[in-house]
Amino acid sequence: MIKSRIKQILDECFQAGVSRELWSDAARGGYAVEDPKFEGQGDFATNAAMVIAGCEKKATGKKINPRQIAEQLVDLLARDTYLFAKVEAAGPGFVNFFVNEAVWQSVIPAVVGAHDTYGRAAGKNGKRVLVEFVSANPTGPLSVGHGRQAALGDAIARLLEASGYEVDREYYYNDAGRQMRVLGESTRARYLELLGLPHEFPEDGYQGEYILDIARELVGKYGDSLQGVADVKPFKEAAEWAIFADINQTLQRFGVAFDSYYNEHSLYENGLIDDVVAALRDRGLIYEQDGAVWFKTTEFGHDKDRVIIKSSGEPTYRLPDIAYHREKFRRGYDWLVDIFGSDHIATVPDVLAGVRALGYDDSRVTVVLHQFVTLLRDGQQVKMSTRKANFVTVDELRDEVGVDAARFFFLMRKADSQLEFDLELAKKQSQENPVYYVQYGHARLVSINRQAREKGADRGELTAARLDLLTMPEELKILKTVAAFPALVLEAADELAPHKIVYYLQDLAGLFHSYYNKYKVLSDDAELARARLWFCEAVRIVFRNGLTLLGMSAPEQM
């Protein structure tokens, strides 16, 4: 990666300055190499001179002009004549780097040589990460909110894998408790309704058409033989089985697969809930008041303590979540990534306090909270599903806009940003649609290669290509963008921010489409055409690899 190589050279020059007693080592690690803010300021810039000057003043009281330090750095840096065409001091003390064209041109062999693995790294030494996402209880079909979480979780897992982590995807659910009992009661009521028998639908029961579907299956299988069954269990189990099968099919169609499923109920069956309460009690972090059991979260900086077992004897949601996270640590993961809806915001601090109270490092738990999704059609909010429930399901969205568009739109914004999903825009077959705009970039590059073969314009061996002919400003800018891809993948993985890949692909698409409209790839100049064909192949690889990280396809024609 060129930026990291420049940082390495800068560090060497900084140390050379320390050895010459031009400055002390107080500024070590405090400066950065960044993209310049404005055109004409080079390919990269550093604030090292200003940081050094600030550190020297703080350490020794000696005031040094940053511009003077910048000029000293330029003298040290200018020795690298291969990497730099020019290094200059600018402004109050910036150092601007102008990279040689040959360096950008050399990106093409690197991309083509790596091919599918370009942008992937092995720099995390196989550290184990558990990514938990979706985790919907089997009480109904997945909503578009779950869809955003599925897209986020899968893309984050893909980014972490590309960065060298060993990743497991886990789905956590509960098939017991009040919600499931109400589900069974709702199914029984619909079953009796279909038989024309007296029934009482639960006041807070599940209203969706999917409950009627399950009841119809029961009638078809058992006839009226269940009418006198007082136990809700057979109705609950039938509903759970049908809904989980539906959820799994939805996820499969959406391109999401899990390595493991973890049932909250097993925490109770295996005595892990009681064990956590006992462990907290042994640490003096539990007390009883008003018949309830309280966890001393104030010991961890919270404004008040929290109930973990109600006076009714029923645990609050915090307790099993704490036990579940302890089991995650016990399974040997180095990093736990949780992806939740924003409605979990109040419980996260309590769970982290529980993890810390049990002796685990809660800094190894990262929680990504995503905001809700608003579907828009013709500028108006879409509120109701036509069939499934009082929300729009992932299946309905997929049927209308397709998996790729759904994933792309779900990932277009930061997770903590409200997302407005424009259904009409997502379906447009034009460059106005950002999904189409990006995927068309890949399809257009494939088309160029196809046209070249049809015309007999063989691009030949890469080693024989005259890549030095790629000197147009647009070509060099695209190559610089291509070169930035591996570092961006690492950054997006570390920040759990797949939207950065979306932004990158949109920028790359904009640069390439503008280039295509301005220049002919298959020109009369055979050598230039061959160079540009290899240039296009490198760009195509990056498009495909980026789309793969988002869980999307890279169409060859559109």
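Counting begins at 1 with the first residue of the sequence.
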About how many Å separate [atom2] of [Y] and [atom1] of [X], when rounded to the nearest 0.5 Å?
| X | Y | atom1 | atom2 | answer |
| --- | --- | --- | --- | --- |
| L152 | K414 | CG | NZ | 12.5 Å |
| H115 | I541 | NE2 | CD1 | 4.0 Å |
| D494 | L160 | CG | CG | 8.5 Å |
| L319 | I309 | CG | CD1 | 5.5 Å |
| N174 | N263 | CG | CG | 6.0 Å |
| L130 | D338 | CG | CG | 8.0 Å |

With a cut-off of 6.0 Å (strictly less than), are more than 12 heavy atoms of other residues, nucleotides or ligands near [atom1] of [X]?
| X | atom1 | answer |
| --- | --- | --- |
| Q381 | CD | yes |
| L197 | CG | yes |
| Y222 | OH | no |
| E269 | CD | yes |
| K296 | NZ | yes |
| E200 | CD | no |

Should [X] and [Y] count as side-chain neighbours, where that means a heavy-atom distance under 4.5 Å?
| X | Y | answer |
| --- | --- | --- |
| K328 | E132 | yes |
| P198 | L192 | no |
| L280 | L358 | yes |
| F340 | V348 | yes |
| K304 | R306 | yes |
| V401 | V435 | no |
| I247 | Y171 | yes |
| V438 | L508 | no |

Handout entry: salt bridge (Lys or Arg N to Asp or Glu O under 4.0 Å) between R318 and D321, worked out
Key = CA-CA 5 Å; R318 296 176 179 86; D321 282 354; over 6 Å; no
Practice task
Could you point out which residue of L376, L375, T374 forms a side chain to side chain contact (heavy atoms under 4.5 Å, CB included) with V382?
Solution key: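 Among L376, L375, T374, the one that satisfies the side chain to side chain contact (heavy atoms under 4.5 Å, CB included) with V382 is L375.
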Handout entry: R158 and T548: CA distance, side-chain angles, deciding distance, side chain to side chain contact (heavy atoms under 4.5 Å, CB included) verdict
Key = CA-CA 8 Å; R158 288 167 182 263; T548 299; 4.1 Å; yes
Side-chain ion pair, [X] and [Y], N-O less than 4.0 Å:
| X | Y | result |
| --- | --- | --- |
| R283 | E299 | no |
| E209 | R216 | yes |
| R190 | E193 | yes |

Problem - Derivation and outcome, side chain to side chain contact (heavy atoms under 4.5 Å, CB included), residues F329 and R326 - result: CA-CA 5 Å; F329 276 110; R326 182 180 70 165; 5.7 Å; no
Exercise for the section: Step by step, work out the side chain to side chain contact (heavy atoms under 4.5 Å, CB included) result for L159 and V489. Expected result: CA-CA 7 Å; L159 281 168; V489 173; 4.1 Å; yes
Practice task
Please list all pairs passing the side-chain hydrogen bond (donor to acceptor under 3.5 Å, both in side chains) test where one or both residues lie in residues 399-411, with sequence neighbours left out.
Solution key: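 Listed by first then second residue: D154-R407, R377-E400, E400-K427, D404-Q439, D404-S553.
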Practice task
Check whether the ring centres of F410 and H370 lie less than 6.0 Å apart, and answer yes or no.
Solution key: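 No.
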Practice task
Compute the ring centroids of H499 and Y503, then answer whether they are less than 6.0 Å apart.
Solution key: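 Under 6.0 Å, so yes.
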Between [X] and [Y] (side chain of the first, backbone of the second, donor and acceptor by atom type, cut-off under 3.5 Å), is there such a pair?
| X | Y | result |
| --- | --- | --- |
| T297 | D350 | no |
| Q149 | V134 | yes |
| S342 | Q371 | no |
| R398 | V403 | no |
| H513 | Y440 | no |
| R188 | A230 | yes |
| D361 | S363 | yes |
| Y118 | V482 | yes |

Handout entry: D275/R330 under salt bridge (Lys or Arg N to Asp or Glu O under 4.0 Å): CA gap, chis, key distance, verdict
Key = CA-CA 14 Å; D275 188 49; R330 284 177 164 181; 3.7 Å; yes
Exercise for the section: Could you walk me through whether F512 and L445 pass side chain to side chain contact (heavy atoms under 4.5 Å, CB included), step by step? Expected result: CA-CA 9 Å; F512 175 71; L445 285 156; 3.3 Å; yes
Non-hydrogen atoms of [X] and [Y] that approach each other most closely:
| X | Y | result |
| --- | --- | --- |
| V256 | A150 | CG2-O, 4.0 Å |
| P202 | E185 | CG-CB, 3.6 Å |
| D422 | E424 | OD1-N, 3.2 Å |
| I211 | S186 | CG2-O, 3.7 Å |
| H442 | P555 | ND1-O, 2.9 Å |
| V394 | S143 | CG2-O, 3.0 Å |

Exercise for the section: Verify salt bridge (Lys or Arg N to Asp or Glu O under 4.0 Å) between K221 and E217, making sure each step is shown before the conclusion. Expected result: CA-CA 6 Å; K221 186 174 182 179; E217 290 178 7; over 6 Å; no
Practice task
List the steps and the verdict of side-chain hydrogen bond (donor to acceptor under 3.5 Å, both in side chains) for Y324 and E170.
Solution key: CA-CA 12 Å; Y324 173 46; E170 186 156 278; 2.7 Å; yes
Exercise for the section: Classify the ring geometry between Y173 and F244 as parallel (under 30°), tilted (30 to 60°) or perpendicular (over 60°). Expected result: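 Taking F244 first and then Y173, their aromatic rings stand perpendicular (interplane angle over 60°).
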Practice task
Would you please classify the geometry between the F485 ring and the Y504 ring as parallel, tilted or perpendicular, with 30° and 60° separating the classes?
Solution key: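 Rings of Y504 and F485: tilted, 30 to 60°.
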Practice task
State, without any angle test, whether D395 and T393 hold a side-chain donor-acceptor pair at a distance under 3.5 Å.
Solution key: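 D395 vs T393: no donor-acceptor pair found between side chains.
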Problem - Quiz item: cation-pi between R169 and F258, 6.0 Å / 45° - result: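 Because its charged atom misses either the 6.0 Å distance or the 45° angle limit, R169 does not stack over F258.
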Practice task
Please step through salt bridge (Lys or Arg N to Asp or Glu O under 4.0 Å) for the pair D116 and R544, ending with a clear verdict.
Solution key: CA-CA 8 Å; D116 291 353; R544 187 196 57 204; 2.4 Å; yes
